[in-house]
Amino acid sequence: MADLLTADAVREELGGLSDWSGDPTGIGRTVQLGSFPDAIAVVDRVAAVAEELDHHPDIDIRWRTLTFRCVTHSAGGVTHRDIELARRIDDIVRSAA
Ligand SMILES: C[C@H](O)[C@H](O)[C@H]1CNC2=NC(N)=NC(=O)C2=N1
């Protein structure tokens, strides 16, 4: 489960995550919400999912723009846990947009 994905595997997974970019050192996406409270609400929902998965994204908050970065810190790179977290973040962003 904590196995590092190869560069090819990361590229392949990114093919199914059209808003994400990255490489084996990490994947990320940026999203702009309608307001600062809307952005914080998304962060709050992502926090709940991160706790559920016991896997946490790095989050940069700038007014209503959020940047998520997913990397498995303990493994030192991207694993399937990051891909799953990215999909769950997309679900939340989609329902907030
Ligand atoms: C003990 C617990 O599993 C951890 O320390 C988790 C928590 N969330 C985590 N999130 C991420 N992104 N990488 C980790 O290595 C990590 N470790």
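First listed ligand is number 1; within each ligand, the first listed atom is number 1. Basis for what follows: all heavy atoms, side chains included, without hydrogens, waters or symmetry-related copies. We number each residue from 1, following the sequence as shown.
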### Those residues that, when tested against Asp23, pass salt bridge (charged side-chain N to carboxylate O under 4.0 Å, His left out) (two or more places apart)
none
Minimum heavy-atom separation for [X] to [Y], with atom names?
X: Ile27; Y: Ala86; result: CD1-CB, 4.0 Å
X: Asp82; Y: Cys70; result: OD1-C, 3.5 Å
X: Pro24; Y: Ala7; result: CG-CA, 3.5 Å
X: Ala96; Y: Val42; result: CB-CG2, 3.7 Å

### Message
Heavy-atom contacts with ligand 1 below 4.0 Å: which residues, ordered by chain and residue number?
### Response
Asp54, His55, His56, Val71, Thr72, His73, Ser74
### Task
Evaluate whether atom CD of Gln32 has more than 12 neighbouring non-hydrogen atoms of other residues, nucleotides or ligands under 6.0 angstrom away.
yes
